[in-house]
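Worksheet: the structure to be examined is printed underneath.
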Amino acid sequence: MPKSDFLQEATERGFVFQCTDTEALDAACAAGSIAGYIGYDLTADSLHVGHMVQIMLLRLMQRHGHKPVALLGGGTSKIGDPSFREEARQLLNDEQLAANGRGIRRNIAPFLRFGDGPSDAIMPNNADWLDKLGYIALLREIGPHFSISRMLSFDSVKSRLDREQGLTFLEFNYSILQSYDFRELNRRHGVTLQMGGSDQWGNIVSGVDLVRRTDGKQVFGLTTPLITTASGAKMGKTAQGAVWLTEDRLPVFDYWQFWRNTEDADVGRFMRLFTDIPLAEIARLEQLGGAEINEAKKILATAATSLAHGLDKAEAAAEAARKTFEEGGSADTLPLVTVAQAEVGDGLPVYRLLVLAGLVTSNAEGRRLIKGGGARVNDVAISDEMQSVPAEALAAGIKLSSGKKHHRLVRSA
């Protein structure tokens with residue numbers, strides 16, 4: 001077991017999968033404050049629950065007196081990380097990247113304390129240095145330190161080479177630029193630790209090696225495990241899509257419900273990873289059985305939601321859920337979706353309302369939900385896939401449901 005407080009708790013909570021030199025990193029953490037970074041490419045204007053392990057690891061660093069660095073990938077996002085992707089990412093323009101960066105800043109801000117202090121977080125953007133690189137100069141300085149055969153051995157690269165759409169030369173450069181980032185952050189901010197998901201191991205090791213070869217310094221890499229649910233599903237994915245951290249993309253009520261719907265076997269593990277609840281209290285809660293485990297799930301949901309959206313909104317979501325599911329409360333406690341009067345006309349088909357409410361992603365999916373008996377209007381099952389809701393009903397507001405756990409108040413305006 002590590003001796004430093006940070007690595008010890010990170011291990012106990014389940015954050016540690018691989019480390020380039022655990023003993024040396026542990027010694028560095030025990031000796032004083034270190035700076036560690038995690039990169040976030042700007043591929044969307046919001047992060048989602050799949051990013052939460054990394055965010056919580058930065059938060060844990062700061063709680064133990066270390067300096068978290070959340071790196072925005074404004075430069076690397078112009079290439080796109082090919083790791084374990086079936087095809088190349090869509091290339092975004094500068095305006096899109098800037099907007100996505102603002103959204104990701106808003107996502108991360110509630111979890112960390114930013115400022116100028118020794119353990120205050122910072123959020124640099126790698127476009128500040130990558131955009132200024134000269135191609136020939138980069139090749140001459142960095143190129144000799146990268147082995148093509150070694151880069152081809154990375155699992156993230158091999159998985160793409162085996163697919164019908166191969167790896168482009170543009171994407172192949174991603175690992176080199178990520179390594180350059182590590183060296184630049186070490187030089188500018190004294191960063192000695194890079195962290196990331198297990199799919200980033202090859203890129204992280206390359207960065208550690210580059211800093212050693214060019215600057216003669218020891219730096220470290222640490223990866224977190226791939227998080228799946230007890231049933232084997234990918235963490236953060238639902239039938240409705242990604243579980244976003246931005247309220248505009250996903251109502252706080254639904255975010256709370258996502259955590260409330262955690263499988264029984266995952267309650268303790270998710271509390272350790274996604275909340276600040278003390279380990280001793282988690283050990284007690286995860287032993288609850290029967291109906292009591294549902295109380296533990298509510299504690300998990302409120303604790304996780306309060307970190308992303310604040311305690312007031314988390315408690316409001318918990319109360320809305322209690323009224324909806326335990327008291328049969330009115331739809332007024334549910335997330336509100338407003339539909340423009342111009343679109344309503346004389347009325348709208350239920351399948352279309354399901355799309356507008358964000359309960360399904362397409363009209364076809366809405367029809368399938370209705371055919372399968374999963375759609376309800378004001379708690380009445382809808383069996384006709386072409387059934388409409390009249391304009392006057394929408395003006396008053398309806399409760400629209402997908403299954404037993406996803407609900408919206410839909411109203412025209």
Side-chain angles (χ1 to χ4, degrees), residues 17-25 27-29 34-41 54 57-58 61 66-84 122-158 160-161 167-224:
F17 181 63
Q18 293 169 296
C19 184
T20 54
D21 190 334
T22 304
E23 289 187 8
L25 175 59
C29 290
I34 70 166
Y37 95 94
I38 294 172
Y40 298 89
D41 275 347
Q54 312 306 326
L57 188 54
L58 287 176
M61 275 195 74
H66 302 291
K67 188 178 189 68
V69 178
L71 178 67
L72 296 180
T76 43
S77 297
K78 296 173 182 178
I79 290 178
D81 184 1
S83 297
F84 296 98
I122 59 174
M123 192 178 292
N125 189 324
N126 63 16
D128 291 344
W129 53 84
L130 294 183
D131 283 0
K132 300 172 184 176
L133 288 177
Y135 186 59
I136 299 299
L138 178 69
L139 288 180
R140 285 176 61 88
E141 182 191 5
I142 303 299
H145 301 293
F146 284 84
S147 162
I148 293 294
S149 58
R150 186 184 182 198
M151 294 173 71
L152 290 173
S153 72
F154 294 163
D155 289 340
S156 57
V157 172
K158 288 194 294 184
R160 278 291 298 278
L161 294 177
L167 189 70
T168 67
F169 180 70
L170 179 70
E171 296 170 287
F172 192 59
N173 281 271
Y174 188 93
S175 179
I176 295 174
L177 295 185
Q178 184 171 328
S179 300
Y180 189 94
D181 283 345
F182 197 177
R183 192 183 73 169
E184 195 68 18
L185 288 170
N186 177 263
R187 290 178 175 181
R188 292 180 179 224
H189 303 291
V191 173
T192 56
L193 173 64
Q194 181 182 176
M195 299 168 287
S198 57
D199 61 330
Q200 292 298 310
W201 179 248
N203 293 341
I204 290 174
V205 170
S206 291
V208 170
D209 193 49
L210 178 65
V211 175
R212 178 185 62 81
R213 286 172 176 267
T214 61
D215 292 10
K217 296 179 180 178
Q218 182 178 26
V219 293
F220 308 98
L222 184 150
T223 62
T224 58

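Computed over heavy atoms, backbone and side chain alike; hydrogens, waters and symmetry mates excluded.
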Review point. Do the side chains of M195 and L58 get nearer than 4.5 Å, heavy atoms only?
Key: yes
Review point. V205 versus R150: any side-chain heavy-atom pair under 4.5 Å?
Key: yes
Point to revise | Beyond-backbone contact of H66 with L193, side-chain heavy atoms, under 4.5 angstrom | key: no
Practice item. Would you list the pairs meeting ring-ring contact (aromatic ring centres under 6.0 Å, His included) in which at least one residue belongs to residues 134-153, sequence neighbours left out? Key: none
Exercise for review: Check whether any side-chain heavy atom of Y180 sits under 4.5 Å from a side-chain heavy atom of W129, and report yes or no.
Suggested key: yes
Exercise for review: Take V191 and L71 through the test side-chain contact (heavy atoms from CB on, under 4.5 Å) and record every step on the way to the result.
Suggested key: CA-CA 11 Å; V191 173; L71 178 67; over 6 Å; no
Practice item. Find out whether N126 and L177 are in side-chain contact, i.e. whether some heavy atom of one side chain is under 4.5 Å from a heavy atom of the other. Key: no
Study note, to complete from the structure: Applying side chain to side chain contact (heavy atoms under 4.5 Å, CB included) to R212 and not counting sequence neighbours gives D209
Check your understanding: If you round to the nearest 0.5 Å, how far is CG of D181 from CG of N186?
Key -> 12.5 Å
Check your understanding: Are side-chain heavy atoms of V219 and R183 found at a separation under 4.5 Å?
Key -> no
Check your understanding: Can you check side-chain contact (heavy atoms from CB on, under 4.5 Å) on L130 and K78, steps first, answer last?
Key -> CA-CA 10 Å; L130 294 183; K78 296 173 182 178; over 6 Å; no
Point to revise | From CA spacing to verdict: side-chain contact (heavy atoms from CB on, under 4.5 Å), N203, Y174 | key: CA-CA 8 Å; N203 293 341; Y174 188 93; 4.1 Å; yes
Practice item. Using only heavy-atom distances, determine whether the side chains of Q194 and Q200 contain a donor-acceptor pair under 3.5 Å. Key: no
Revision key, fill the gap. Note: A35 and G190 closest approach over all heavy atoms is CB-O, 4.0 Å
**Study point:** Criterion side-chain contact (heavy atoms from CB on, under 4.5 Å) on L25 and C29, from CA distance to verdict
**Key:** CA-CA 6 Å; L25 175 59; C29 290; 4.0 Å; yes
Exercise for review: Quick one: pull up OG1 in T192 and NZ in K67 and give me the separation to the nearest 0.5 Å.
Suggested key: 12.5 Å
Check your understanding: Can any side-chain N or O of T20 pair as donor or acceptor with the backbone N or O of G221 at less than 3.5 Å?
Key -> yes
Review point. With distance as the sole test, does T223 use its side chain to make a donor-acceptor pair with the main-chain N or O of Q18 at under 3.5 Å?
Key: yes
Exercise for review: Taking the side chain as every heavy atom from C-beta outward, state whether T214 and E141 have any atom pair closer than 4.5 Å.
Suggested key: no
**Study point:** Between CZ on residue R213 and CG on residue D215, distance to nearest 0.5 Å
**Key:** 13.0 Å
Check your understanding: Can you name the closest pair of heavy atoms from A28 and F220 and give their distance?
Key -> CB-CE1, 4.3 Å
**Study point:** Residue pair T224 / Q54, side-chain donor-acceptor N/O under 3.5 Å
**Key:** yes
Practice item. For residues H189 and Y37, determine if any side-chain heavy atom of one lies less than 4.5 Å from a side-chain heavy atom of the other. Key: no
Check your understanding: If you take all heavy atoms of I204 and G196, which pair is closest and at what distance?
Key -> CD1-N, 3.9 Å
Study note, to complete from the structure: Closest heavy-atom pair, Y40 versus A70, reported as atoms and distance to 0.1 Å, is CE1-CB, 4.1 Å
Revision key, fill the gap. Tightest non-hydrogen contact, residues G74 and A127, listed as C-CB, 3.8 Å
